[in-house]
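A quick write-up on the structure given underneath.
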Amino acid sequence: MIAIRRRPARFAVLACLLALSASGCGLSGELERELNPDPKPPPSPSLTASVEPPPAVTPEASPSVPVQEESGCPSSGVRIGTELVQGAMGLRATSLTLTNCGSRPYELNGYPSIQVLDEAGAPLTGVRTVEGTDEVSMAPEDPGPEPLTLAPGESAYASLYWRMNNEKGIYLRVAPMEGREVTTVRAEDYLDIGPDNVLGTSPWKPME
């Protein structure tokens with residue numbers, strides 16, 4: 001279960017409005033055909049109409065940045081991962097995942113410690129991570145931390161929220177909690193977060 005995949009109620013309202021608009025347009029069209037059974041065809045679209053630029057390409061990552069091993073279990077006993085980014089109305093969200101790949105229980109209680117890095121492995125200027133979501137406009141309320149113990153093979157997740165910006169974060173430097181071993185991972189999907197921005201985090205929760 002990943003909390004950020006729950007779509008806010010405003011998306012449902014928007015969908016309803018779009019549906020009503022579509023049905024209204026259909027009714028309007030029927031009435032117009034009754035009044036004018038032989039209308040002139042609409043003009044063809046102009047060839048000089050503006051064309052949207054192609055989507056931005058994710059910057060190439062530097063092969064010199066040391067990242068988490070692709071296979072096996074790291075010495076920390078846990079593997080870190082990320083999910084694809086979701087967004088609406090300028091709000092961005094993704095999930096950080098942690099899997100106990102070791103042979104002993106792994107205890108968590110609190111928030112991940114994260115630093116966002118660019119394609120060269122350098123920290124994005126002015127981007128800071130905070131515990132909780134109060135500083136990120138429109139982000140869901142922080143439920144607060146609870147103690148959590150992962151048995152071998154079990155996983156947990158923490159949600160990340162930020163407001164859209166111009167510079168791309170390609171790597172995340174992550175410690176499961178302050179003082180734990182740090183791991184650098186290539187994000188599954190880049191974070192359009194820099195410069196001078198806030199990354200809000202939710203506490204670790206068990207993956208269902």
Side-chain angles (χ1 to χ4, degrees), residues 1-14 68 76-100 105-118 121-151 154-208:
M1 182 188 77
I2 297 179
I4 60 171
R5 291 181 179 172
R6 298 173 184 166
R7 297 177 183 268
R10 60 176 175 272
F11 294 155
V13 173
L14 178 59
Q68 177 181 254
S76 62
V78 296
R79 288 194 65 84
I80 303 293
T82 67
E83 300 287 338
L84 293 177
V85 171
Q86 300 182 31
M89 302 176 69
L91 177 66
R92 297 290 189 262
T94 189
S95 282
L96 191 68
T97 61
L98 180 150
T99 300
N100 181 0
Y106 191 86
E107 296 182 355
L108 292 167
N109 186 9
Y111 302 79
S113 176
I114 305 172
Q115 189 173 35
V116 184
L117 313 177
D118 64 16
L124 285 181
T125 303
V127 174
R128 60 189 179 89
T129 302
V130 297
E131 295 182 352
T133 57
D134 291 346
E135 296 188 44
V136 182
S137 176
M138 297 178 63
E141 185 177 352
D142 177 15
E146 294 181 357
L148 171 64
T149 300
L150 299 178
E154 292 184 335
S155 300
Y157 73 95
S159 298
L160 313 180
Y161 300 95
W162 68 96
R163 300 296 301 181
M164 178 183 68
N165 214 328
N166 298 320
E167 294 181 358
K168 297 177 175 64
I170 306 302
Y171 298 98
L172 297 178
R173 185 176 291 153
V174 182
M177 290 168 50
E178 195 70 39
R180 298 279 179 91
E181 186 172 337
V182 176
T183 300
T184 300
V185 296
R186 170 76 185 267
E188 181 73 17
D189 199 1
Y190 69 80
L191 281 64
D192 51 351
I193 190 174
D196 301 325
N197 209 342
V198 177
L199 178 69
T201 63
S202 74
W204 292 109
K205 297 294 181 183
M207 190 89 72
E208 296 182 358

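Keep in mind that what you see is a predicted model, and the values were worked out from it rather than measured. Along the sequence shown, residues are numbered consecutively beginning with 1.
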Any [X] side-chain heavy atom under 4.5 Å of [Y] side chain:
{"X": "Lys205", "Y": "Pro143", "answer": "yes"}
{"X": "Tyr161", "Y": "Asp142", "answer": "no"}
{"X": "Thr82", "Y": "Leu96", "answer": "yes"}
{"X": "Arg128", "Y": "Glu135", "answer": "yes"}
{"X": "Leu199", "Y": "Asn197", "answer": "no"}
{"X": "Gln115", "Y": "Leu117", "answer": "yes"}

Does Asp196 CG have over 12 foreign heavy atoms under 6.0 Å away?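 Yes, because the 6.0 Å sphere around CG of Asp196 holds more than 12 heavy atoms from other groups.
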Give a yes or no on this: more than 12 heavy atoms of other residues, nucleotides or ligands lie within 6.0 Å of atom CD of Glu107.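 Result for CD/Glu107: open.
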Check: Thr94 side chain, Glu83 main-chain N or O, donor-acceptor pair, under 3.5 Å: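 Between the backbone of Glu83 and the side chain of Thr94 there is a qualifying donor-acceptor contact (under 3.5 Å).
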So, for Gly77 and Asn100, which heavy atoms are closest and what is the spacing to 0.1 Å?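 Shortest heavy-atom separation between Gly77 and Asn100 comes out as O-OD1, 3.3 Å.
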Out of curiosity, [X] [atom1] to [Y] [atom2], how far, rounded to the nearest 0.5 Å?
{"X": "Arg163", "Y": "Leu91", "atom1": "CZ", "atom2": "CG", "result": "5.5 Å"}
{"X": "Lys168", "Y": "Ile193", "atom1": "NZ", "atom2": "CD1", "result": "13.0 Å"}
{"X": "Gln68", "Y": "Ser76", "atom1": "CD", "atom2": "OG", "result": "7.5 Å"}
{"X": "Arg180", "Y": "Ser113", "atom1": "CZ", "atom2": "OG", "result": "12.0 Å"}

Please name the residue in the list Leu98, Leu172, Thr97 that meets the side chain to side chain contact (heavy atoms under 4.5 Å, CB included) test with Ile80.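 It is Leu98, the one option of Leu98, Leu172, Thr97 that forms the side chain to side chain contact (heavy atoms under 4.5 Å, CB included) with Ile80.
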